[in-house]
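Here is the structure we will look at.
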Amino acid sequence: MLRVYNTLTEKKEEFVPLEKDKVKIYACGMTVYDKPHIGHARKEVAIDVIVRYFKYLGYETVYVRNFTDIDDKIIDRANERDIDFRELTHENIEAFYKTTTALGLMEPDIEPKATEHISEIIEMIEKLIKNGYAYETGGSVYFSIKSFNQYGKLSHRKIDDMIAGTRFEVETEKKNPLDFVLWKASKPGEPQWESPWGMGRPGWHIECSAMSIKYLGDTFDIHAGGRDLIFPHHENEIAQAEGATGKPFVKYWVHNGFLTVEGEKMSKSLGNFITVDDALEDYHPEVLRYFMLSTHYRSPIDFSIVNLKETEKKLYYFYTTLKNLSVFASRSSGNAVRNEKAKAFIDEFREAMDDDFNSAKVVAAFYGVFKYLNDIIVSKKTRPAPEECAGFEEVIKEAGKVLGVLQRDSSEIIEEIKEIQLKRNGIEISFIEEMIEKRKEYRMKKDFAKADEMRDKLLELGISIQDTPDGTEWNFS
RNA sequence: GGCGCCUUGGCCAAGUGGUAAGGCAGAGGUCUGCAAAAUCUCCAUCUCCGGUUCGAAUCCGGAAGGCGCCUCCA
């Protein structure tokens, strides 16, 4: 039984889809005023795994992820660079796609853009005015939060408390300081569209309500996003959607925790702003992905060098084991056999994922199985039959597919990781090969003192070597 | 000022009232020319103080520390 934590009820609930065997998911995508950063990556990986697990369970999924390609920040950035806002958003959308490809994220079924849904937005605003939830003033339209008596139900706040804590300047045309803009009258030179209230553009929250309802219906199963979106963005989305349709908007609200960098919040002012591109310079995409999954999606995660290196080591270990395993599995006559241990692993995997997508627990389960495999494979006595080895390969791939890891060819990915490590450490591979060659010569001459010297030199650079039946191998330790 | 979250061994991290998963690091063993890799063994009573309970890391109250949101933010 799958259980999902719902921000609305603040509890883990049994997942029951609105429509049998079907899950409709909307995840708030980027506001494309800048390049995607690693916080975006975390959110994308989290929702990606959630969607993958639904598919794994046999649900038909409809996954919608939007681009908000018009808002104040976009206009400001475009003005700073003196380019058209469309040029800016196009650029950042391309950058976003680059990272989703690198991180192996599934493509959503639908990717609507705000600027392509202006008429739906206007329609929704008209409904809100008609239903008495919104008012027009000076060419702009605002949502009146006082008129929506459930306002605050998602973020569990009281309106009066929020007003007391208001720190920003109250815009005079608003009836209530917490009222938010649905349609913004445009200033000269700004992007603008025609509307019943004059030229203007949509407010920041309305696009998600309009687009999610258009593609998923008035009520759908899951709406996801970062924690920070709970208020005001998602709170406002509920007010808009339910105000317009009169129906419940979303059944389960899912929010991922924040990512910190070396213990601090990531921000431009702290100078610790890391784009996905930056991160991919130093770490393999699958390492980044696996790192994101080693902590439960709702918990905060700290992006630190120590943590990343540990993850890198883990993946390296997994793929090395997989490589050894495949040697035996390839002798299989054909049919893979899942023995007790293999079945137990899959059970563990499902149980963990059923518990609010607890990928951190899956990580532990992976450890268990890899450790077990390393143990039994080395000995001829305990080594499972080739068919059983193939069975292990199968279950690892099966679980790995949901997390989006361990699908690649072991040898290839090991080489890729090594390349990144060499680059990161500024070491030439030719130097390593030279040292290994020299050591080999000394060893042939039984000059172990000299041979050890070669090894020590490599060790100083963080490189350890292993003598295997197939020759000497090296890796970063 | 308001609302919410977090605090588990040197570090990272699961823990859903029933007697602390896993990993890294560390110590010791096997293997090895020596190593490394792999593997085995060892290594915590859960920030503090009260309370509920036969029994609490898990529930309640309080304290301390950290964080987030309330303004754009995944």
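A, B, ... follow the sequence lines: proteins, then strands. Residue 1 opens every chain.
- Rounded to an integer number of Å, the gap from CG of Leu308(A) to P of C24(B) is 17 Å.
- Applying the 5.5 angstrom centroid cut-off and the 30 degree plane-angle cut-off, the aromatic ring of Phe258(A) is stacked upon the base of A74(B).
- Base contact: Asn256(A) has a heavy atom under 4.0 Å from a base atom.
- In this structure, His255(A) reaches neither bases nor backbone, as no heavy-atom distance under 4.0 Å exists between it and the strands shown.
- We find that the ring of Tyr367(A) and the base of G22(B) do not stack by the test of centres under 5.5 angstrom and planes tilted less than 30°.
- The phosphate of U39(B) has OP1 or OP2 within less than 4.0 Å of a side-chain N or O from Tyr317(A).
- Put simply, the residue from Lys361(A), Lys11(A), Arg298(A), Arg3(A) that forms a salt bridge (charged side-chain N to carboxylate O under 4.0 Å, His left out) with Asp356(A) is Arg298(A).
- Residue Arg298(A) is classed as having no contact, given no heavy-atom separation below 4.0 Å to the nucleic acid.
- As the counterpart of C54(B), G18(B) is assigned, both hydrogen-bonding distances of the Watson-Crick or G-U wobble pattern falling under 3.5 Å.
- In this model, the phosphate group of G22(B) is not approached by any side-chain N or O of Lys314(A) to a distance below 4.0 Å at OP1 or OP2.
- Contacts of Lys313(A) with the nucleic acid, taken as non-hydrogen atoms under 4.0 Å apart, involve only primed sugar atoms and P, OP1 or OP2.
- C46(B) and C6(B): their C1' atoms are spaced 14 Å apart (whole Å).
- At a threshold of 4.0 angstrom between heavy atoms, the contacts of Asn307(A) are confined to the sugar-phosphate backbone, with no base atom among them.
- Checked against the 6.0 Å centroid criterion, the rings of Phe96(A) and Phe67(A) qualify as a close aromatic pair.
- Residue Lys371(A) places none of its side-chain N or O atoms closer than 4.0 Å to OP1 or OP2 of A38(B).
- The environment of His156(A) atom NE2 is dense: over 12 non-hydrogen atoms of other residues, nucleotides or ligands sit within 6.0 angstrom.
- Arg42(A) comes within 4.0 angstrom of nothing in the nucleic acid, heavy atoms only.
- Note: CZ (Phe291(A)) to P (A13(B)) measures 8 Å, nearest angstrom.
- With a cut-off of 3.5 Å on both Watson-Crick or G-U wobble distances, the partner of A27(B) is given as U41(B).
- Note on Gly39(A): a base of the nucleic acid sits closer than 4.0 angstrom, heavy atoms only.
- When the nearest nucleotides of RNA chain B are assigned to Asn358(A) and Val306(A) by heavy-atom distance, the more 5′-ward of the two goes with Val306(A).
- Classification of Arg52(A) and Asp48(A) as a salt-bridged pair holds, one side-chain N sitting under 4.0 Å from a carboxylate O.
- Counting non-hydrogen atoms under 4.0 angstrom, Leu459(A) reaches nothing in the nucleic acid.
- With rounding to whole Å, Asp467(A) atom CG is found 12 Å from A35(B) atom P.
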